[in-house]
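What's counted below: heavy atoms across the whole structure, side chains too, no hydrogens, waters or symmetry copies.
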Amino acid sequence: MIALLLAGLALSADVAPDDAPPLEEDGPELVAEVAGPDRSAPPPVAAATPLPQPAMEVDAVRPGLDVVLVRTPGLRKARISLMFRRGSNQLGGVHPASYDAFGWVWDQATKRRSGDDLAVYEDKNEIDVWSVSGADTTTVHLDTPTDDLGPGLSLLREVVVEPRFVGKDLKLIRENRLRWYLVESSTDGGALIQGGLDNLWVPEGHPLSDRPDVVGWRDLKKKDVIRHHRELLAEAPLTVLVVGDMDMDRVRAEVVPALDGLGVAGEPPKPPAFTPPKTSQVIGVDLYGTGRASIGLRMAAPTLDDPDAPAFRLIDHAMGGHFLSRLNADLREVRGLTYGIDSSFGSGQSLGAWTIMTEVRLEDAGEAIGAIDEQLTQLAADGLTENELGDGVRARISGWNATLQTTDRASTVYGSRVRLGWSTADARERLDAYAEVTPARSQEVARRWIEDQPRAWVIVGERSALQPQLDALDMEVTWLPGELVILGAGVGPVAE
C-alpha cells in the first residue's frame, strides 16, 4: 500500500496541468534594495519644549471665598476642590489624632444618607466625594461629569454642611491606627526607616512633626470630631479650585451658589520656621529574622525659594531619581547589592530634606553604606555632567507637559500652586531655571549641601550581623526598639 502511494505521488509531481503558466527561465525580477536609516550612531535627542499651560482665573467672590478656575479642554470630568485654609496645626489642639480622624470620616455618611446610600448615589451619578485633612489645609474633593454638575454639587454641599459621624466608623479607624502604630509598623523596615528619619529630623512638639498621637487615638471621641467640623466651618477661609472644561460664567452660575455660607475672612497660615539638625546621628533597630537590612539616610537640602533649589532638584534626579541613576547603577548594576535604591528631595517653604533609601542582604549592609558615601563624595567633588543635567531638564519638562493629561494630575499640580501662592507664570519661571544650571553650578551646590554636613542614618536589621560592619565604618550607633523609633519617644535632633 505504501509503495502504491509513493508511486502515485511521484506520478502527480511529474505531470503538470494543461493550463499551467509557462515557467520563466530567468526567474522573477529582483527589486532594488532600499537604503534604511543610518543606525551607526544614536539619533540626536530633540530639545524638550514646555507646552503652554492655562493661567488660573481667580474670582474673589467675597471675603473668605476665592474661586480659582483652570480650564482643561477635552477632559470629560471636572474636579471641584474645597480647600479650607486651616488644618491640624490650627484646629487639632494638643492631640491632633482627632483631627486626622475627622479627615478620614468626614466623607463617610450624611444626615440624609447612610454610607451605603451615599456610595450607591455616587456610583449611579459617576461622582466621587472624599476628604483629606492636612497640617494647614483641609480639603473636600468632588469628581463629577462636566456636562451635569448638579448631582455632584448637591452631594458635595450635603457632605460638607451635613455630615454624620458614625461611631462604628470612628472605632474602626481608631483600631486600625493603633494596630499600625503599636504593632505592625515596628516590624516593617520601610516604616521604621521613614518614621525614624522623620523623628530624627524634626523635634517633638514642632508643627512639622509627624509623630503618632497614640494617646489621642486611644481616647478618640466623636464629640471631638464634631467640634473640629464646627470650628473648621466657623474659622477657615475657603479657596475653591475648579479644574474642568468650562468657563468662569458657568462656575459663577452653578458652583458658587453651592458655596453659600462657606468661607470666613482670614489669611492662610504661614509656614512655621525650621532649623535642620546640626549633629549627625545613627539609629539602629534590631529586627531579627528577615535576612535583610533596610538603610535610610537624610540630609538637609534647599527650601523652595532657595537659589540652590533648581540645581539640587537635578542632583536628586541624577543620583537616585530614576532607574539609570548613579546610585542605582552602582549598587544594583555594578555591585549587585540591591533590587533598587532611590532618593527623594522634599522641599517646602521652610524645610528641605534629601532622603536616600534602600534594602540589601544583611551581610551587604556595610558595603552598601560605604558605596553611598563614595557616591556622595564623588558628587561633591565633581558635580553633574552635561548629559546628566540635560536628562534632568528633559524629565522636568516632561512632567510639566503631562500636567493637563488628566483631571487628577492637573488638580494636584494647580492645587500645590494655590497653596504656595504661585501663578502659572511663577511656575514656568521655576521650570526655566533648570536649564540655566551648569556643571560648575551643580558642583558648587553639591559641595555646599553634602560636604561635611550632618547626616541622619537609620539602619534596620539583625544587630549581631550589622554591628561588626558598622564598627568597620566607624559608625557610632544607638540601638533602639522599633516601637520607640516609630513613636519618636526619645528620638529627635540633638539639642544644641
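- A donor-acceptor contact closer than 3.5 angstrom is absent between the side chains of Q349 and D305.
- A distance of 10.0 Å separates CG in L82 from CG in L241, rounded to the nearest 0.5 Å.
- With hydrogens and angles ignored, the 3.5 Å screen pairs no side-chain donor or acceptor of D364 with any backbone N or O of E367.
- The number of heavy atoms from other shown groups lying within 6.0 Å of CH2 (W449) is above 12.
- The distance from the OG1 atom of T478 to the CD1 atom of I283 is 5.0 Å, given to the nearest 0.5 Å.
- P54 is listed as a side-chain neighbour of Y414, based on a closest heavy-atom distance under 4.5 Å.
- The aromatic rings of H317 and H322 sit parallel to each other, their planes meeting at less than 30°, with 60° as the upper class boundary.
- I397 is listed as a side-chain neighbour of L431, based on a closest heavy-atom distance under 4.5 Å.
- With 3.5 Å as the limit, one finds no donor-acceptor pair spanning the side chains of S347 and T303.
- Taken from CG in L470 to CH2 in W457, the straight-line distance is 10.0 Å, to the nearest 0.5 Å.
- Between atom CE of residue M357 and atom OG of residue S294 there is a gap of 7.5 Å, rounded to the nearest 0.5 Å.
- To the nearest 0.5 Å, atom OG1 of residue T412 and atom CZ of residue R417 are 11.5 Å apart.
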Does T146 form a side-chain hydrogen bond (donor to acceptor under 3.5 Å, both in side chains) with D245? I'd like the steps, not just the answer. CA-CA 7 Å; T146 308; D245 190 359; over 6 Å; no
Using the rule given for side-chain hydrogen bond (donor to acceptor under 3.5 Å, both in side chains), can you reason through T355 versus R298, listing the C-alpha separation, both sets of side-chain angles and the distance that settles it, and then say yes or no? CA-CA 4 Å; T355 304; R298 179 161 295 170; 2.9 Å; yes
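- T72 contributes no side-chain N or O that, together with a main-chain N or O of L75, makes up a donor-acceptor pair within less than 3.5 Å.
- Comment: R441 does not engage E436 in a salt bridge, judged by the lack of any side-chain N to carboxylate O separation of less than 4.0 angstrom.
- For the residue pair R292/T290, the side-chain donor-acceptor check at 3.5 Å is not satisfied.
- Checked by atom type and distance alone, the side chain of Q443 never pairs as donor or acceptor with a backbone atom of G383 at under 3.5 Å.
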Would L376 and M299 satisfy side-chain contact (heavy atoms from CB on, under 4.5 Å), going step by step from the backbone distance to the final call? CA-CA 11 Å; L376 294 177; M299 304 177 67; 4.2 Å; yes
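- Judged purely by atom type and a 3.5 angstrom limit, T403 uses its side chain to pair as donor or acceptor with the backbone of W400.
- In summary, the side chains of T407 and R79 do not present any donor paired with an acceptor at a separation below 3.5 Å, with no hydrogens or angles considered.
- Panel note: side chain T187, backbone E184; a donor-acceptor pair is recorded below 3.5 Å.
- For the pair W130 (side chain) and V140 (backbone), a donor-acceptor distance under 3.5 Å is absent.
- Taking 4.0 Å as the cut-off between side-chain N and carboxylate O, R335 and E374 count as a salt-bridged pair.
- No side-chain donor from either of T239 and D66 sits under 3.5 Å from a side-chain acceptor of the other.
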Show your working on side-chain contact (heavy atoms from CB on, under 4.5 Å) between V282 and E476 and close with a plain yes or no. CA-CA 7 Å; V282 183; E476 185 176 340; over 6 Å; no
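- Ion pairing between a basic and an acidic side chain is recognised when a charged N comes within 4.0 Å of a carboxylate O; R85 and D136 show no such pairing.
- Side-chain contact between V494 and Q281: present, with at least one pair of heavy atoms (C-beta onward) separated by less than 4.5 Å.
- A donor-acceptor pair under 3.5 Å links the side-chain atoms of S185 to the main chain of W180, judged by distance alone.
- Between the side chain of T138 and the backbone N or O of S133, no donor-acceptor pair lies under 3.5 Å.
- Results of the side chain to side chain donor-acceptor pair (under 3.5 Å) test with R428 over D432, D426, T424 single out D432 as the only residue that passes.
- Considering only heavy atoms from C-beta on, P212 stays 4.5 Å or farther from W217 through its side chain.
- In this structure the side chain of P493 never reaches within 4.5 angstrom of the side chain of V202, judged on heavy atoms.
- Contact detail for Q90 and A135: the closest heavy-atom pair is OE1-O, 3.3 Å.
- Both the sub-6.0 Å distance and the 45° axial angle are not jointly satisfied by R86 relative to the ring of F84.
- The closest donor-acceptor contact from the side chain of S81 to the backbone of M83 lies at 3.5 Å or more, if one exists at all.
- Between T385 and N387, the side chains place no donor N or O within less than 3.5 Å of an acceptor N or O (distance only, hydrogens not considered).
- When I341, V458, T358, I356 are each tested for a side chain to side chain contact (heavy atoms under 4.5 Å, CB included) with I295, only one passes: T358.
- With contacts defined as side-chain heavy-atom distances shorter than 4.5 Å, the pair M56/R71 does not qualify.
- Contact check on R250 versus D247 returns no salt bridge, with no Lys/Arg side-chain nitrogen under 4.0 Å from an Asp/Glu carboxylate oxygen.
- Looking at every heavy atom in both residues, D38 comes nearest to S40 through OD1-OG, 2.7 Å.
- Across all their heavy atoms, A365 and A293 have their closest contact at CB-CB, 3.9 Å.
- Using a 30° and 60° split on the angle between ring planes, W354 and F312 fall in the perpendicular class, above 60°.
- Across L142 and V129, no two heavy atoms sit closer than the pair CD1-CG2, 3.7 Å.
- Atom CG of D128 has more than 12 heavy atoms from other residues, nucleotides or ligands within 6.0 Å.
- The shortest distance between side-chain heavy atoms of N328 and D342 does not fall below 4.5 Å.
- Distance check, rounded to the nearest 0.5 Å: CG of D330 to CG of L337 gives 8.0 Å.
- In this structure, a donor-acceptor pair under 3.5 Å is absent between the side chains of S186 and Y181.
- With a 6.0 Å radius and a threshold of 12 heavy atoms from other residues, nucleotides or ligands, E444 has its CD atom above the threshold.
- Residues S98 and G92 share a closest heavy-atom pair of OG-O, 4.5 Å.
- In this structure, the side chains of L232 and W106 come closer than 4.5 Å at one or more pairs of heavy atoms.
- Heavy-atom contacts from other residues, nucleotides or ligands closer than 6.0 Å to CD of E333 number more than 12.
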Evaluate the criterion salt bridge (Lys or Arg N to Asp or Glu O under 4.0 Å) for residue pair K77 and E126; output intermediate values, then yes/no. CA-CA 9 Å; K77 281 199 167 186; E126 293 187 88; 5.1 Å; no
Evaluate the side-chain contact (heavy atoms from CB on, under 4.5 Å) criterion for residues V242 and V68: first the C-alpha distance (whole Å), next the side-chain angles of each, then the deciding distance (0.1 Å), finally the verdict. CA-CA 6 Å; V242 180; V68 179; over 6 Å; no
Could you check M475 against I369 for side-chain contact (heavy atoms from CB on, under 4.5 Å), going step by step and ending with a plain yes or no? CA-CA 10 Å; M475 298 181 77; I369 293 171; 3.8 Å; yes
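- Using a 4.0 Å cut-off between charged nitrogen and carboxylate oxygen, D373 and R455 count as a salt-bridge pair.
- Judged by distance alone, with hydrogens and angles left aside, the side-chain atoms of R463 form no donor-acceptor pair with the main-chain N or O of V285 at under 3.5 Å.
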